[in-house]
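The chains referred to below are lettered A, B, ... by the order of the sequence lines, with proteins before strands, and numbering in each begins at 1. Worth knowing before you read on, the calculation uses all heavy atoms, side chains too, and leaves out hydrogens, waters and symmetry mates.
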Number of protein chains: 2
Amino acid sequence: MTDVARSAGVSVATVSKVINGRYGVAAATSERVQEVISRLGYESSLVARSLRSSRTNVIGILVAEFEPFSAEILKGASAAVASTGYDLLAYSGTAHAGSDVGWERRSLSRLSGTLIDGAVIVTPTVVEVRDDVPVVAIDPHEGPTGIATVDADNDAGAVLATEHLIALGHRRIAFLGGRTDLESSRLREEGFRSAMAAAGLPVDPRLVRVGGYRRETADRPAHEILGLPDRPTAVFAANDLMAIATIDAARDVGLRVPQDLSVVGFDDVPEAVAATPPLTTVAQPIQQMGAEAVGLLVRLIAGDDAARAHVRLPTRLVERGSTAPAPGR
Amino acid sequence: MTDVARSAGVSVATVSKVINGRYGVAAATSERVQEVISRLGYESSLVARSLRSSRTNVIGILVAEFEPFSAEILKGASAAVASTGYDLLAYSGTAHAGSDVGWERRSLSRLSGTLIDGAVIVTPTVVEVRDDVPVVAIDPHEGPTGIATVDADNDAGAVLATEHLIALGHRRIAFLGGRTDLESSRLREEGFRSAMAAAGLPVDPRLVRVGGYRRETADRPAHEILGLPDRPTAVFAANDLMAIATIDAARDVGLRVPQDLSVVGFDDVPEAVAATPPLTTVAQPIQQMGAEAVGLLVRLIAGDDAARAHVRLPTRLVERGSTAPAPGR
DNA sequence: ATGAAAGCGCTAACAG
DNA sequence: CTGTTAGCGCTTTCAT
């Protein structure tokens, strides 16, 4: 900026005013400065600017890592942000600080002073209400609290999935849970249990395991379930990645899906349809959730407190190739 | 930080030293400061720190928008970065500044002073060599230049796709190009033309159109191609999004895919297999490209100039349901 | 071993 | 209309 100022024969303050379109600059001066800016290819530093002023026109999307779910959120957010004049900054900050608990607070603190005007936090465990930064949570731990939230109807979706298996004649159904610290995981288990209870079916505690929502962490519990002497004829996994891990595990132990074992997932990430066989799953409108969150956040940033809302989107069952009637039926 | 300093009864300078593990702080003092930091939940501002010091341990991934291709890159980068101690910051900056040409330069200037220690730029049009920031380009406009580059073998992939169609008996084959300003697009067209020539097949200029790599921009040219009196029996689209748009267009005008029209895409994004029918396409190892780029960048940041390399990954044909023998054959 | 002070690139009063 | 000046939160000499 100093270069521009010198080259245009003005002060940096004037350059700043021109860049930000402030009043009180002669048209001729403004034009000259603009000319120098484009000639030098000058671009203001987001960092320095944001250290000084409170607005950056950048929305942050905070994630633990870029996996299929957050990637879909990003796609939806990207489409939604296009018409708003905001840039998008997605941050994945699990690198240091040892464990990955509290990444959302760390990331928010690091970015919000203020690199970003507001943040969408994807699947946060702890949502600390800081009212200095507008925040929208997607599928948070605690379920709706004081902060704006977007989630899907996890409970109804889980009921759908379980009823589907029951309708196919399955009676011994396993549940592979996600992370016990996430509300979505709890609700999916609850939906599973209530649908089982409604059908008068027992839930064998040995058939309920925790898979951590990740492919690698689901591998062990999936094998354990399938290694049981009286193994189930169907598995309902709390997300697609774990369902895919279950299909892999089944193949490992020589079980055919869906003839010997039916598998249902949750999310309907793009990977679900690419699985072999294609995964029957409960679809959440993930991209729409991302778009909805951005919409809410933009209103929040604009000071519209009515946007401190809780949006719940519907889920639906998508039947594909990984489920079939129970063996011997 | 001032709060921490006051609360610990030291100066901010000392706090800074403790945080950064500098020498010259008494063990007792350090301990006390640490305690206050965790009690107050203090997290240093990435913005302020980066304004002052040159290292942030953050790698930037610059994209025009978050669409399927860049989302896959992100997944690969995320996996690769996990073991390196870097955080990932993905930036999509097309919001302002009118046109979207030069977004890569704008984004880089804005972030590199230095919020990020280096950047992976996805599908840049202009790659200006600034040697103050380590940069790796993925699938750039110009093909390999002075800067580190990761791309896939576009030419060989396009030949594969075209030969596949020719082997199925197609003779009138259309090519729906991407963006004329991208090297990948040019190479795919070149592969198409050389495979056609090798088979002694003519290329009708009216069957070669530009679709802009996006679903919306491909809609019109796809309809135009299919609306021709002597329409082709097969379309090779330079990416999956345009291939999907072509399938949609075919459905629009009452053509069945693959019975009446075969369609081949390029990329093999997750959406390809979810299309109806599932898309036959040329697969690029996109996630691996993201991982490779991060690997190169980390070495570049570490000062390893041998990493200023050009990595080309292989492509392969994935036959799915959108291609079939030419009608009447 | 600790702190005072300068300054990173920028914006926002405030004077002139 | 334009420039001077004081910081934003942090790191880094350089004294003490």
J.: Provide, to the nearest angstrom, the distance between the CG atom belonging to A:L51 and the C1' atom belonging to C:dG7.
T.: 12 Å
J.: With sugar-phosphate meaning primed atoms plus P, OP1 and OP2, does B:S44 contact a base, only sugar-phosphate, or nothing at under 4.0 Å between heavy atoms?
T.: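 Sugar-phosphate: the residue B:S44, judged by heavy atoms under 4.0 Å, touches backbone atoms but no base.
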J.: Quick check: does any side chain N or O of A:R299 sit under 3.5 Å from a backbone N or O of A:D304, one acting as donor and the other as acceptor?
T.: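 No; zero donor-acceptor contacts below 3.5 Å.
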J.: Could you verify whether a donor N or O on one side chain and an acceptor N or O on the other, from A:D87 and B:Y91, lie under 3.5 Å apart?
T.: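 Yes, side-chain donor-acceptor contact under 3.5 Å.
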J.: Check this one for me: any side-chain N or O of A:S53 less than 4.0 Å away from OP1 or OP2 of C:dT11?
T.: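 Answer is no, no contact under 4.0 Å.
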J.: Has B:S45 got a side-chain N or O lying under 4.0 Å from the OP1 or OP2 atom of D:dG9?
T.: no
J.: Grab the CZ-C1' distance between B:R49 and D:dC8 for me, whole Å please.
T.: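 Rounded to whole Å, this separation is 16 Å.
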J.: Looking only at side-chain N and O atoms, does A:Y213 offer a donor or acceptor that is under 3.5 Å from a partner on A:T123?
T.: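 On atom types as modelled, these side chains do not qualify, holding no pair under 3.5 Å.
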J.: Enumerate the residues from residues 29-43 of chain A whose closest heavy atom to DNA chain D is under 4.0 Å, giving them by residue number; use none for an empty result.
T.: A:T29
J.: Please work out if A:A26 contacts a base, only the sugar-phosphate, or nothing of the nucleic acid, heavy-atom cut-off 4.0 Å.
T.: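 Sugar-phosphate contact only.
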J.: Could you list by number each residue of residues 14-22 of chain A showing a heavy-atom separation from DNA chain D of less than 4.0 Å, or answer none if no residue does?
T.: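 Residues of residues 14-22 of chain A under 4.0 Å from DNA chain D: A:T14, A:K17.
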J.: Taking atom types as modelled, is there a side-chain donor on B:S70 or B:E67 under 3.5 Å from an acceptor on the other?
T.: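 Side chains of B:S70 and B:E67: pair found under 3.5 Å.
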J.: Pick out which of A:R105, A:R179, A:H141, A:E183 makes a side chain to side chain donor-acceptor pair (under 3.5 Å) with A:T125.
T.: A:R179
